[in-house]
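Protein chains get the first letters and strands the later ones, always in sequence-line order, with residue 1 at the start of each.
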Amino acid sequence: MLLDLGIVFGRVAFVMMFMLNLGGILTWVERKQSAIMQDRIGANRASIFGFRVMGLLHPLADAIKMLTKEDFRPARADRFLFSLAPFVSVFFALVAFASIPFGDTLRVGDRVIPLQAVTLNVGVLYVFAMLSLGVYGVMMAGWSSANNFALLGAQRAAALMITAEIAIGASIMGVVMVYGSLNLQDIARAQGNALFPQWLGQWVPAWGVLTQPLGFILFLTAGIAATKRIPFDMPEGESEIIGYFVEYSGMKFGMFAMADFLETVVIAGMTTALFLGGWQVPYLMADGFHFPWGAVATLPQPAVAVLQVGSFVVKVCVVIFFMMLIRWTLPRFRYDQAMRLGWLGLFPLSILNIVLTGVLLLLLGGRA
Amino acid sequence: MELAAFTLIALIALGSALGLILKRNAIHGALFLVVNLGSVAALYLTLGAEFLAAAQVIVYAGAIMVLFVFAIMVLIPGKEETGPDPRRPLRWVALPAGALLLAQVLVILVGTRGPTPVGSPAPGGVEAIGRLLFTDYLFPFELTSVLLLAAMVGVLLLARRRT
């Protein structure tokens, strides 16, 4: 009983530590990656006793600065909602990751531990629901600040997030149709099967990016829009327009920034789970490698589990790296351009993707 | 354990429903309604209806209420900008209407009190709901979609006339 509780706690703690630490490190990654892309050195001054560790101490220095700053609140602000808003933002970004599987199962003795914080039959919808609730943090922040510019910023942000979420929901449907499940673990498992075994043999795994290429592009685009970061950062537009958190200072402001980073991790995790094979390592089965040319390398079960978790973490990091690459490459969309892209580009294309997927599934006879 | 979870969720649902009615501030009321819808989703979850819970959160809390809050923020001014409500006497209509509704709910509750079903609960999975929607309830389902389409076309017409 106590052991069971401990295992559940461990699963949840792993996901939470993964999210929080990755979110924190991302502030450093963002600075360093932009510095490398722009041929600069980047943040490297924070030091403890002269140790700089490539600027890795900057997130720590940031946290100390944020926590010790004055926690300002406008006189006419709605006290309760003003304080609640950043927590709502961070909360829904944090819990969204819970049903994304980071591995298959770990067998210790006769115990089978699912490598997933929460096993849900409707995991896809769960992540989607939590992402869609994140809007409330933004709207509460803009409204409770008693500042018209913040309210306008909140409306821009809310409109953008709704646009992105509808496109996300519609582009996920193709994946759900191909793998025939709303369970993220089932979807990740199904991506280990071979793609078109009658023509290609066992060479190519049926990853979502191969079965749903259009869906992948649509999901990633809408996902970047949902994180409210460049090129879709007109809710805040740090250099010229005022965002919904204009009245926030200190750690409450930091929490809004953190929520964006956490959402980046969630979108990267979803992209991995739905389109990049989740925790799958090519040719790695539950008992070791089965190469298509016939070679077999058996591995003990814990080693397989470790490989799977490692593969998942690497894939998530690669997707985040790619999202940051886009962030530092593209200029910001104008508000109407982003709206047009969302409603006249992403959304109709996702519907087209659903129809195409349905027709192809019918023609090819069943699921991949 | 189940009883404790139910009591807690039910209390949250009741409290947020009261908050919705009693709060004067429209935004606070709307946010209470979001909490209420979420706690009803949690009740679905305790019954094992994961799909219904997710759909409840996505459709009601995540979509409809977002638009509600959005509209209230844009269209309804704060209480310092509006004077006293000119339709205040109309509020007394709420009492008989509410009493009627309560009576209806009570009649239905008393009328259907039967033996609690034993064995497997009603299927709440995605497959079961999908099959029901596209077989037994296909007509109401399609009718609803036509209704929504009509509403959408109406909104387009209203929005276009302005320009």
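For A/L133, the part lying under 4.5 angstrom from a heavy atom of chain B is the side chain only. For chain A, no part of B/V59 is nearby; none of its heavy atoms comes within less than 4.5 Å. In this structure, chain B has a heavy atom under 4.5 Å from the side chain of A/I162, while its backbone stays farther away.
Atoms CG and CG, on A/L84 and B/L31 in that order, are 8.5 Å from each other to the nearest 0.5 Å. Rounding to the nearest 0.5 Å places CG of A/N121 at 12.0 Å from CZ of B/F51. Rounded to the nearest 0.5 Å, atoms CD (A/Q155) and CE (B/M73) are 7.5 Å apart. Between atom CD of residue B/Q56 and atom CG of residue A/L125 there is a gap of 13.5 Å, rounded to the nearest 0.5 Å. Atom CH2 of A/W143 is separated from atom CG of B/N25 by 4.0 Å, given to the nearest 0.5 angstrom.
Between B/V69 and A/M140 there is no side-chain heavy-atom pair separated by less than 4.5 Å. Contact of the A/L81 side chain with the B/I27 side chain is registered, since non-hydrogen atoms from C-beta on lie closer than 4.5 Å. Looking at A/Y136 and B/M65, their side chains come closer than 4.5 Å, going by heavy atoms from C-beta outward.
For chain A, the option among B/A61, B/A54, B/A63 with the highest count of heavy-atom pairs below 4.5 Å is B/A61. Looking only at heavy-atom pairs under 4.5 Å with chain B, the residue among A/A129, A/A159, A/G142, A/S132 that has the most is A/A129. The most heavy-atom pairs under 4.5 Å with chain B, out of A/D78, A/V135, A/L151, come from A/D78.
Few gaps surround CD on B/Q104; more than 12 heavy atoms of other groups in view lie less than 6.0 Å from it. In this structure, B/F68 places its CZ atom where only 12 or fewer heavy-atom neighbours from other residues, nucleotides or ligands lie under 6.0 Å away. Counted within 6.0 Å of CE on A/M339, heavy atoms from surrounding residues, nucleotides or ligands total more than 12; the atom is thus considered enclosed. Counting heavy atoms of neighbouring residues, nucleotides and ligands inside a 6.0 Å radius, atom OH of B/Y60 does not exceed 12 of them. Residue B/F70 places its CZ atom among more than 12 non-hydrogen atoms of other residues, nucleotides or ligands, all under 6.0 Å distant.
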